[in-house]
Amino acid sequence: MSSGRYDDIIDLPHYVSAKRKRMSAADRAAQFGSFAALTGHGAAINETARLTSEKAELDECEKSLVNQKLTILLNIQELRPYASILYFRPDSKKEGGAYLTAEGEIEKICCDSGKVYFTDGKAVPVDDIRDIQSDCFGFLR
């Protein structure tokens, strides 16, 4: 056996203080939590990995059809027609967004704000509408 630097203390029993209680492993680990170098790193990775869609531009025919449907809803809005609206919502944190569907009874279509309001409080910007479905469009194709 070779003589090592710590041979004089290697076989001594572990020191236990008579004055202080032994710290639990959880408390010991908590001391170093504030030094975590990568705090927020996981959130940043998740945000980068989150996918967004690009807003598709409507061609003239599609724009015309959406406008016809909006005009019909505008003319009968006092009847509170039920409609399902597919629209694009831009992402607040990165380029792109997502297509969502809002459905329910239409409360009003406001030309000043450029929004379609539902009776449950949802509001959809007219410029972001991709398609509208409703039973009152049965004759449109």
Side-chain angles (χ1 to χ4, degrees), residues 1-2 4-141:
M1 241 188 185
S2 68
R5 190 170 165 187
Y6 299 104
D7 285 348
D8 60 330
I9 63 169
I10 200 76
D11 292 322
L12 292 177
H14 180 74
Y15 172 78
V16 178
S17 172
K19 296 179 185 175
R20 295 198 172 101
K21 195 169 83 170
R22 186 174 174 109
M23 186 182 286
S24 72
D27 288 342
R28 190 173 225 21
Q31 294 181 90
F32 301 101
S34 61
F35 297 106
L38 299 177
T39 300
H41 183 66
I45 289 173
N46 290 341
E47 177 59 27
T48 302
R50 189 172 54 85
L51 298 177
T52 58
S53 299
E54 196 173 309
K55 183 178 181 181
E57 293 299 322
L58 299 178
D59 64 28
E60 290 306 313
C61 184
E62 292 168 322
K63 284 180 189 177
S64 175
L65 187 57
V66 168
N67 285 335
Q68 285 178 12
K69 290 177 177 183
L70 281 169
T71 301
I72 291 167
L73 291 175
L74 181 64
N75 289 331
I76 62 169
Q77 65 184 339
E78 68 278 352
L79 300 175
R80 298 193 182 228
Y82 188 91
S84 176
I85 298 179
L86 177 66
Y87 68 101
F88 183 80
R89 184 178 69 192
D91 194 283
S92 62
K93 295 183 179 179
K94 61 201 283 189
E95 195 170 317
Y99 278 96
L100 304 173
T101 301
E103 56 184 271
E105 291 180 350
I106 303 292
E107 183 174 334
K108 68 178 178 176
I109 299 173
C110 185
C111 297
D112 293 336
S113 68
K115 292 184 179 180
V116 176
Y117 294 93
F118 289 85
T119 55
D120 65 0
K122 287 182 288 217
V124 175
V126 170
D127 291 340
D128 294 331
I129 294 175
R130 172 86 180 149
D131 190 26
I132 307 172
Q133 298 296 318
S134 178
D135 288 344
C136 58
F137 304 143
F139 61 92
L140 289 176
R141 294 285 170 225

Short side-chain to backbone donor-acceptor contact, Ser64 and Glu60, under 3.5 Å: no
Asn75 side chain vs Ile72 backbone, donor-acceptor pair below 3.5 Å: no
Nearest non-hydrogen partners of Lys115 and Ala123, listed with the distance: CD-CB, 4.1 Å
Nearest atoms (heavy-atom pairs only) where Tyr117 meets Cys110: CE1-CB, 3.7 Å
Side chain to side chain donor-acceptor pair (under 3.5 Å) contacts touching residues 81-94 (sequence neighbours left out): Arg50-Asp91, Tyr82-Glu103
Set of salt bridge (Lys or Arg N to Asp or Glu O under 4.0 Å) partners for Lys108, sequence neighbours left out: none
Pairwise side-chain contact, Val66 with Leu58, heavy-atom cut-off 4.5 Å (strictly under): yes
Straight-line distance of Cys136 SG to Leu79 CG, nearest 0.5 Å: 9.0 Å
Counterpart residues, side-chain hydrogen bond (donor to acceptor under 3.5 Å, both in side chains), relative to Asp120 (two or more places apart): Lys122
Which residues share a salt bridge (Lys or Arg N to Asp or Glu O under 4.0 Å) with Glu54, sequence neighbours left out: none
Member of Ile85, Leu65, Val126 meeting the side chain to side chain contact (heavy atoms under 4.5 Å, CB included) criterion with Leu70: Val126
Min side-chain heavy-atom separation Leu12-Tyr6 under 4.5 Å: no
Minimum heavy-atom distance Ile76-Pro81, with the two atoms named: O-CD, 3.5 Å
Where at least one partner belongs to residues 10-25, residue pairs that pass side chain to side chain donor-acceptor pair (under 3.5 Å), sequence neighbours excluded: Ser24-Asp27
Set of side-chain hydrogen bond (donor to acceptor under 3.5 Å, both in side chains) partners for Gln133, sequence neighbours left out: Asp131
Backbone of Ile132 reached by a side-chain donor or acceptor of Lys69 within 3.5 Å: yes
Spatial distance of atom CD1 (Ile109) from atom CG (Leu73) [nearest 0.5 Å]: 4.5 Å
Glu105 side chain to Arg80 backbone, donor-acceptor under 3.5 Å: no
Pairwise distance CZ(Phe88) to CD1(Ile129) - rounded to 0.5 angstrom: 14.0 Å
Approximate separation, where rounding is to 0.5 Å, of Glu57 CD and Arg130 CZ: 9.5 Å
